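Accompanying notes for the structure given below.
Because the structure is a prediction, the values reported are computed rather than measured.
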Amino acid sequence: MLIGGIYVFAAAMCITLIEHGWSGWLYLLFTLLLWNGLKFLFMGPWSIILLLRVRRQEARARKRNRTTPTHVATASAE
């Protein structure tokens with residue numbers, strides 16, 4: 001998420017440069033920097049949520065496998 005903030009800061013700097021008379025082509029760089037920054041800012045928390053959800057599913061599966069007796073598991077497979 002930190003890198004997303006850096007991208008957004010760089011996009012803001014592009015706007016500042018444009019306002020001070022630099023080339024209008026910096027709008028293209030601004031758009032790319034802002035887009036990438038927002039992706040990083042969004043995917044940081046979202047990836048943590050997805051990771052926690054998968055870890056919870058894995059813990060449930062381990063608990064389910066630990067509590068299931070082996071003779072019941074092999075009898076149901078036959």
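One hydrophobic cluster, built from ILVMFWY side chains closer than 4.5 Å, cannot hold both Met13 and Ile15; they sit in different ones. Cluster membership check: Leu32 does not share its hydrophobic cluster with Leu38, using side-chain heavy-atom separations under 4.5 Å among Ile, Leu, Val, Met, Phe, Trp and Tyr. Taking hydrophobic clusters as Ile, Leu, Val, Met, Phe, Trp and Tyr residues chained together by side-chain heavy-atom distances below 4.5 Å, Ile3 shares a cluster with Phe30. The cluster map of Ile, Leu, Val, Met, Phe, Trp and Tyr, joined by side-chain heavy atoms under 4.5 Å apart, puts Ile49 and Met43 in the same cluster.
Residue pairs satisfying the side chain to side chain donor-acceptor pair (under 3.5 Å) criterion with at least one member in residues 31-49, sequence neighbours excluded, are listed as follows: Asn36-Lys39. Within the structure, the ring-ring contact (aromatic ring centres under 6.0 Å, His included) test picks out the following pairs touching residues 4-29 (sequence neighbours left out): Tyr7-Phe40.
The heavy-atom pair separating Cys14 from Leu29 by the smallest distance is SG-CD2, 3.7 Å. The shortest heavy-atom contact between Leu41 and Gly5 is CD2-N, 3.9 Å.
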